[in-house]
Amino acid sequence: MPGEGFLKTKDVMKPEMIGKEVMLRGWVYRKRHIGAKIFIVLRDSEGIIQCLVVKNEVDEKTWEEAEKITRESSFMVKGIVREDPRAPGGYELKVTWLRIVGLSDVFPIRGGEGIDYLLDKRHLWIRSRKLTAIMKIKHSVLKAAREYLVRNGWWEVTPPIITASACEGGATLFEMKYFDRKAYLSQSAQLYLEALIFSLEKVWSLTPSFRAEKSRTRRHLAEYWHLELEGAWYHMEDMMKVSEELVSYIVKRVLEERSEELEFLKRDKVMLERALEIPYPRIKYDEAIEILQRKGFRIEWGEDLGADEERALTEEFETPFFITHFPKQIKAFYMKLDPQRPDVVLGFDMLAPEGYGEIIGGSEREDSYEKLLQRIHELGLDPKEYEWYLDLRRYGSVPHSGFGLGVERLVMWISGIDHIRDTIPFPRFRERVYP
RNA sequence: GCCGGGGUAGCUCAGCGGUAGAGCGCCGGGCUGUUAACCCGGUGGUCGGGGGUUCAAAUCCCCUCCCCGGCGCCA
């Protein structure tokens, strides 16, 4: 980083730094002017520290700058570190020199604003300590995922974002102009990953996925980050094992690296510690229906689980858990039918506890050309759209499985926050693409 | 798309037929330990838009736009 000699707040707030003169730079988090004293709380990427400017103990220019400085202005400051229980965090800087870098206009966010206003000012709200903490957690989630996958021999690949056809659920695709034709923004890299396993065997990708669903819930984004895996020779059970190892590893690393941020967000770490132990519980769809019926839900075998049902199930567990073997009519065409029981698919969802719900969806894929074609017909899809995908079953087909993880859903659960919009810097919903 | 809630000062809201209000912010002043500091003074509005009823509409009626919460769908 340019500018030698500047320290970070976290490097300064230590017993061994007491009495030393240090230089810091950052932004004004809070300012309070009391007579001949000015308290300026400095915020940098690592935290906050209170700076005290006393009128008769600094040069005239420094005092003028301190009087003039406004909330969220950027500035540089020099001072002596000291301990003081009255300062937030227990340490403060007795200022000897201070200069404004960029004077801030009146900052439009002060606290107590409504959500719509805050979303309009997202580019400014993004610097809040809460969102900063969540973004750091997300960083650790992605880093941990990559660590796990690299260590276990998974190849990272880069599938396309622009696609020619529908794959699954054509109604929820974003259409775009592609030269003089139509194309779509990708909803999933899965089909492309399937093509890549024939050489690399174990592949994964991290891409944005786009869903033009008109959903209005706290768990949906129109643009989200999708972590997808696909493995040749993997059967459903093998892939479930990979998914729980991955999730428990991510949780472990976040607990190690982001303890401070979890505390700032008041996340109950005990709930996360429970997720370290694998395997996670597994129930079949049939059992899920029985549990729900016992709880008084009016749901019949064959119906998809709604939000209330899903929430009720997550209350039965204290760790993430799997639901498997769904009726084929509620799942996608590419899922392999259970050879023991052809009315259900070899599919699995991983649900996070505490009401957070689905974070992973995966399955073993249908590897037989004939059966896949039959499923396409059964579901009224156009085989022409899937010609290249069907080809994969004609040239050395292999049993294989995969899953997709919604990064923001995982971050939401790990962070313990109540709305997915805060897991992504600039959330996209149906009613919002600005800023 | 459906159900519910809401659009009044820069922000958060009250007012719900009779001359538009509060708190915070902002501006000026004061204060040598503040923690979203406090105290005094000042500033601030086509009441989302359009139409209608009425002597009189922020308030009642109709239409419309936007937002929030939830559902369906999904990661």
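Per chain, numbering begins at 1; letters A, B, ... match sequence-line order. Just the heavy atoms: all of them, side chains too, but no hydrogens, waters or symmetry mates, feed the values below.
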Problem set entry | Watson-Crick or G-U wobble mate for B:rG10, both contacts under 3.5 Å | B:rC24
Seminar exercise, completed: Sorted by chain and number, sequence neighbours left out, ring-ring contact (aromatic ring centres under 6.0 Å, His included) with A:Trp27 holds for none
For this session: Would you mind pulling out the nucleotide paired to B:rG4, Watson-Crick or G-U wobble, both distances under 3.5 Å?
Result: B:rC68
For this session: Would you please indicate if the ring centroids of A:Phe348 and A:Phe326 are separated by under 6.0 Å?
Result: no
Problem set entry | Base-pairing assignment for B:rC38 (Watson-Crick or G-U wobble, both under 3.5 Å) | B:rG30
Problem set entry | Salt bridge present between A:Arg432 and A:Asp120 (N-O < 4.0 angstrom) | yes
Exercise. In B/S/- notation, 5' to 3', how is nucleotides 64-72 of chain B contacted by protein heavy atoms closer than 4.0 Å?
Worked result: ---SBBBBB
For this session: Specify the separation, in whole Å, of atom CG of A:Leu206 and atom C1' of B:rA75.
Result: 13 Å
For this session: Give A:Leu227 one of three labels, base, sugar-phosphate or nothing, depending on what nucleic acid heavy atoms sit under 4.0 Å from its own.
Result: nothing
For this session: Write down the distance between CZ (A:Arg211) and P (B:rC73), rounded to a whole number of angstrom.
Result: 14 Å
For this session: For B:rG17 versus B:rC61, give the span between their P atoms, rounded off to a whole number of Å.
Result: 11 Å
For this session: Taking atom C1' in both B:rC11 and B:rC26, compute the distance separating them and give it to the nearest angstrom.
Result: 11 Å
Exercise. Below 6.0 angstrom between ring centroids: does that apply to A:Trp204 and A:Tyr192?
Worked result: no
For this session: Round to a whole Å and report the spacing from CD1 of A:Ile109 to C1' of B:rU12.
Result: 14 Å
Exercise. On a whole-Å scale, what distance lies between the P atoms belonging to B:rC38 and B:rU46?
Worked result: 29 Å
For this session: For the pair A:Glu237 and A:Arg282, find out whether any cationic side-chain nitrogen is under 4.0 Å from an anionic carboxylate oxygen.
Result: yes
Exercise. Can we say A:Glu273 and A:Lys269 salt-bridge, meaning some charged N sits less than 4.0 Å from an Asp/Glu carboxylate O?
Worked result: no
Exercise. Any side-chain heavy atom of A:Tyr224 sitting closer than 4.5 Å to one from A:His226?
Worked result: yes
Exercise. When you compare B:rG23 with B:rA14, how far apart are their C1' atoms, in angstrom units rounded to a whole number?
Worked result: 10 Å
Problem set entry | A:Arg71 side chain vs A:Ile109 backbone, donor-acceptor pair below 3.5 Å | yes
Exercise. With sugar-phosphate meaning primed atoms plus P, OP1 and OP2, does A:Glu113 contact a base, only sugar-phosphate, or nothing at under 4.0 Å between heavy atoms?
Worked result: sugar-phosphate
Exercise. A:Lys130 NZ to B:rA36 P: how many Å, rounded?
Worked result: 17 Å
Exercise. Salt bridge check: are A:Asp84 and A:Arg86 linked by an N-O gap of less than 4.0 Å?
Worked result: yes
Problem set entry | Separation of B:rA75 P from A:Ile323 CD1 (nearest whole Å) | 13 Å
Exercise. Are any of the side-chain heavy atoms of A:Thr9 and A:Ile48 separated by less than 4.5 Å?
Worked result: no
Exercise. Roughly how many Å is it from OH in A:Tyr117 to C1' in B:rC13, rounded to a whole number?
Worked result: 15 Å
For this session: In whole angstrom, give me the gap between the P atoms of B:rC3 and B:rA75.
Result: 27 Å
Problem set entry | Residue whose nearest RNA chain B nucleotide is more 5′ - A:Gly111 or A:Ile420 | A:Gly111
Exercise. What nucleic acid atoms does A:Glu228 come within less than 4.0 Å of, heavy atoms only: base, sugar-phosphate, or nothing?
Worked result: nothing
Problem set entry | Pairwise P distance for B:rG52 and B:rG45, with rounding to whole Å | 27 Å
For this session: Return the value, rounded to whole Å, for the distance between atom OH of A:Tyr29 and atom P of B:rA36.
Result: 8 Å
Exercise. Less than 4.0 Å between a side-chain N and a carboxylate O, is that true for A:Glu408 and A:Lys138?
Worked result: yes
For this session: Let me have a per-nucleotide readout for nucleotides 20-33 of chain B, 5' to 3', with B, S or -, counting only protein heavy atoms under 4.0 Å.
Result: ----SSS----BBB
Seminar exercise, completed: When rounded to whole Å, the CZ to P distance for the pair A:Phe326 and B:rC73 reads 13 Å
Exercise. Taking the same atom, C1', in B:rC24 and in B:rA36, what whole-Å distance lies between them?
Worked result: 10 Å
Problem set entry | B:rG41 versus B:rC65 - spacing of their C1' atoms, nearest Å | 41 Å
